[in-house]
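Scroll down for the structure; my scribbles are underneath it.
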Amino acid sequence: MGKSRTKRFKRPQFSPTGDCQADAAAAANGTGGEDDDGPAAELLEKLQHPSAEVRECACAGLARLVQQRPALPGLARRDAVRRLGPLLLDPSLAVRETAAGALRNLSACGGFEVCDDMVTKDIMTPLVALLKECSAGLDSNEMSPQEKKDQNRNSIENIANEAVNVLWNICECSSRAVSIFNKEGCLEIVLKYLSRFPTNVDLAISVAYCLQTVTEDNAELLKSFSATALHVLESVLLSPVSSMESLLLKTLVAGTIWNLKDVIPCKSQAEIINALLKILSEVLEMDAGETVIQMKEAEMQRLKTAAEAEEILENTNGDDLIEDDEMEGISRKRKVRRKTFVSDLLPATDKELRETIALLTAQQTALEIIVNMCCNEDPSDDEWEELSSSDESDAFMENSFNECGGQLFSPLCLSHEVHTALTNYLIPKKVFEKTAFPNSTAVDLCSRNPTWKPLIRKMNTIQCRALLCLQSLVSLLDVEHLGGAAALQTLAQHLSQLLFSQPDFAKRADFLEAISSALRALLQTMASKNISQCMTPDQLMTLCKGGIHSSNVGVRVNVVSILGITGSVLAKEDGTLETLKNIGCFLLEVTTKDPSLVVAGEALDALFDVFADGKEAERASIQIKLLSALKEFQPVFKMKIRKEGKGNYSTDQLCVLDNVKMNLRRFIAYQETVEKRLTS
């Protein structure tokens with residue numbers, strides 16, 4: 001399997017506040033295409049207004065408008081990026097924050113093309129300037145009277161948070177933006193923001209996401225990581241977990257440190273790997289379903305308590321009004337004041353929901369990091385260097401970041417340490433547990449509340465990530481590290497139960513791709529170790545018939561490969577003639593009818609494996625007329641590669657298809673000898 005790119009957590013959309021809500025809502029009511037030019041033109045015009053309040057409202061309206069895809073072309077025609085860019089350095093802090101919020105939404109909703117266009121229109125110049133000003137502002141104790149007045153709502157840290165999110169979005173989509181990040185020294189700036197994690201975890205999380213993006217495959221930036229920079233990451237990793245959000249922060253920083261493995265001294269690798277895996281293990285140890293239930297109950301109790309308190313004060317006010325009947329006006333004023341006071345006591349955000357989302361995101365991220373760890377080259381056993389693995393994770397890198405010179409990670413040492421740490425921290429067992437379906441009670445609770453309902457999708461995503469992670473672990477680790485032959489058979493039964501407990505599994509594309517990938521890797525490992533497999537022929541054909549109609553090429557490749565693996569095992573057993581005939585006919589149909597050459601090539605490979613050896617396989621090949629079917633298809637396959645290959649498939653895929661074409665010629669020759677021998 002290729003490297004799994006860490007997926008971004010979809011942040012809450014920027015929401016305007018105060019008097020700007022009405023203007024923003026009006027902008028959001030724009031309807032498609034040409035109609036969107038109306039509010040867009042008006043809002044963009046207001047960006048130049050002399051009143052800071054009007055500019056702020058215009059930015060807030062644009063923050064809403066850019067979330068409507070039909071509005072994006074109109075905004076591009078009117079050069080919205082160049083008009084918003086200067087407002088990042090507006091004299092008003094409120095305007096800076098809302099302008100950054102609008103650009104954040106634009107970069108998040110617009111995708112790769114919009115982000116690349118933002119770089120072309122030089123958004124990085126004011127953005128970097130804003131980041132530097134915020135950094136300088138954090139160092140300065142001097143504030144103007146206006147800044148002091150607005151510091152609660154429009155603090156420098158809030159502006160920095162919006163700006164970092166814009167930076168992250170753009171860098172994830174544009175290599176030019178990453179290059180500018182490197183050249184402008186943005187690393188030092190964002191690390192300063194990260195260092196404020198004890199008092200502003202939201203800003204730190206945004207920085208951690210950004211760092212994960214910019215440190216991936218960025219050799220130029222890795223050279224900029226000094227001992228001081230690495231110590232900032234270390235301080236986050238060593239900090240106590242005070243909330244689910246701090247747990248998410250530590251997980252993201254663990255992913256960043258993994259990206260930095262090439263510049264960390266080799267002598268520290270055991271401590272580093274163990275420290276990272278310890279954090280990921282702790283994240284996966286938590287029961288997400290139970291957390292959802294507990295947090296939802298806590299939210300309900302908090303809201304109930306707040307409502308009761310409100311009712312008590314309402315009744316108290318009522319009594320006051322009766323007693324002070326002669327001072328009705330004063331009483332009314334007092335009642336208003338009391339209602340405002342009670343409202344101020346209510347939480348400004350859904351803290352339980354935020355904490356739950358943070359845990360689910362941390363678990364998803366942890367699984368993705370483990371997949372990336374498993375994707376390093378896996379040398380053969382006789383190449384391992386004899387290195388000791390340290391379990392002293394609590395003494396994480398006590399001296400490691402003080403030595404940036406000397407020997408760095410070697411692939412051999414790294415793979416050995418990863419294997420050992422994965423086993424020591426029971427990662428396979430914890431990943432296996434996450435492959436189960438989400439807690440039904442938690443799903444039911446979330447389904448009955450609109451604000452919690454999106455968490456169902458996140459829980460399903462964790463299951464899919466766990467299945468893909470399981471695929472990587474099965475492919476990487478020795479059978480003994482996975483628990484032995486019995487454990488693999490139990491795992492195969494578990495995956496089969498997951499799959500066939502869902503009558504509509506073929507309709508769940510993400511789940512089907514993940515579980516078919518895990519099954520493919522598991523069955524391949526079991527076949528190579530001569531471990532008996534647990535799927536019945538009926539289950540096998542049900543999976544394949546359901547998966548082969550998927551629009552996802554990966555799913556179709558997986559089910560065809562599974563059929564080839566299982567068929568090659570059955571070919572060596574007695575009494576499997578009918579099953580082999582069914583498998584052969586199915587694979588022939590896929591070979592000749594699937595629109596993808598990649599799937600057709602995989603189906604041919606599967607046919608080669610199933611009918612390469614064994615008496616039952618030879619008899620089956622004659623009865624399904626395999627030779628004549630392949631002879632008829634051979635020129636068609638050659639023509640398809642010649643006509644459809646270039647432009648539609650990668651160089652690697654074309655090389656594989658060329659190999660399949662050569663193997664087809666050889667297999668036809670082999671089948672000719674089999675047919676002569678059996679029919680003579």
Side-chain angles (χ1 to χ4, degrees), residues 1 435 467 470-471 474-475 479 482 485-502 505-506 512-550 552-591 594 598-621 623-624 626 630 660 663 667:
M1 175 182 145
T435 62
L467 288 165
L470 186 65
Q471 174 205 7
V474 168
S475 301
V479 172
L482 294 167
L488 292 188
Q489 289 178 319
T490 300
L491 179 56
Q493 290 174 338
H494 167 71
L495 294 180
S496 297
Q497 289 168 358
L498 283 179
L499 181 63
F500 297 110
S501 66
Q502 302 292 302
F505 70 84
L512 185 55
E513 180 179 15
I515 197 166
S516 62
S517 297
L519 270 171
R520 176 182 180 178
L522 178 60
L523 294 176
Q524 182 65 60
T525 297
M526 294 174 73
S528 67
K529 301 298 181 181
N530 294 318
I531 300 171
S532 59
Q533 302 184 10
C534 304
M535 286 186 71
T536 66
D538 287 343
Q539 287 179 325
L540 182 69
M541 295 311 298
T542 299
L543 166 62
C544 293
K545 288 176 181 177
I548 205 62
H549 297 295
S550 171
N552 187 316
V553 171
V555 170
R556 304 205 301 274
V557 166
N558 282 339
V559 297
V560 165
S561 178
I562 288 170
L563 207 54
I565 293 165
T566 307
S568 64
V569 173
L570 294 174
K572 299 176 179 64
E573 300 176 1
D574 295 328
T576 57
L577 177 64
E578 291 303 317
T579 301
L580 290 174
K581 286 166 62 177
N582 288 336
I583 289 174
C585 290
F586 183 89
L587 290 174
L588 275 175
E589 185 173 4
V590 174
T591 298
D594 196 285
V598 171
V599 179
E602 189 72 34
L604 283 170
D605 262 342
L607 281 169
F608 304 157
D609 291 339
V610 174
F611 296 98
D613 192 22
K615 292 182 180 180
E616 295 283 52
E618 290 178 349
R619 290 172 57 204
S621 68
Q623 293 185 28
I624 65 172
L626 179 61
L630 292 179
V660 173
N663 290 336
F667 186 73

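Just so you know, these numbers use all the heavy atoms, side chains as well, and skip hydrogens, waters and symmetry mates. Note that this is a predicted model, so its numbers are computed, not measured.
- Looking at Ser568, its side chain does come within 3.5 Å of a backbone N or O of Ile565 through a donor-acceptor pair.
- The two residues Met526 and Ala492 have their closest heavy-atom pair at SD-CB, 4.1 Å.
- One distance of note links CD of Gln524 with OG1 of Thr566; it measures 10.0 Å at 0.5 Å rounding.
- Heavy-atom neighbours of Lys615 NZ from other residues, nucleotides or ligands within 6.0 Å: at or below the threshold of 12.
- Separating the NZ atom in Lys529 from the CG atom in Leu482 is a distance of 10.5 Å, to the nearest 0.5 Å.
- Each of Leu512, Leu540, Val590, Ile548 was checked for a side-chain contact (heavy atoms from CB on, under 4.5 Å) with Val559, and the lone residue meeting it is Ile548.
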(message) One pair to check against side-chain contact (heavy atoms from CB on, under 4.5 Å): Thr542 and Gln539. What are the steps and the verdict?
(response) CA-CA 5 Å; Thr542 299; Gln539 287 179 325; 5.6 Å; no
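- Remark: the backbone N or O of Thr579 is not paired with any side-chain donor or acceptor of Thr576 at under 3.5 angstrom.
- When all heavy atoms are compared, the tightest approach of Gly564 to Ala606 is CA-CB, 3.7 Å.
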(request) Carefully, step by step, assess Leu495 and Leu467 under the rule side-chain contact (heavy atoms from CB on, under 4.5 Å). (result) CA-CA 9 Å; Leu495 294 180; Leu467 288 165; 3.6 Å; yes
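- Separation of atoms OG (Ser516) and CG (Asn552) is listed at 8.0 Å; rounding is to 0.5 Å.
- Looking only at distances, no side-chain donor or acceptor of Glu602 sits under 3.5 Å from a matching main-chain atom of Val557.
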(request) Could you go through the side-chain contact (heavy atoms from CB on, under 4.5 Å) check for Leu470 and Leu491 one step at a time? (result) CA-CA 10 Å; Leu470 186 65; Leu491 179 56; 3.6 Å; yes
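- Taking the six-membered ring where tryptophan is involved, the planes of Phe667 and Phe608 are tilted, since the angle between them lies from 30° to 60°.
- To the nearest 0.5 Å, atom CD of residue Glu578 and atom CG of residue Leu570 are 13.0 Å apart.
- Rounding to the nearest 0.5 Å places CD1 of Ile531 at 11.0 Å from CG of Leu523.
- When every heavy atom of Leu580 is checked against every heavy atom of Phe611, the shortest pair comes out as O-CZ, 3.7 Å.
- A donor-acceptor contact shorter than 3.5 Å links the side chain of Gln489 to the backbone of Ser532.
- Considering all non-hydrogen atoms of both residues, Leu563 and Phe586 come closest at CD2-CD2, 3.3 Å.
- Taking 4.0 Å as the cut-off between side-chain N and carboxylate O, Glu616 and Arg619 count as a salt-bridged pair.
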(request) Please lay out, stage by stage, how Leu630 and Leu604 fare under the test side-chain contact (heavy atoms from CB on, under 4.5 Å). (result) CA-CA 9 Å; Leu630 292 179; Leu604 283 170; 3.9 Å; yes
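- The one candidate from Leu607, Ile624, Asp605 that meets the side-chain contact (heavy atoms from CB on, under 4.5 Å) condition with Leu587 is Leu607.
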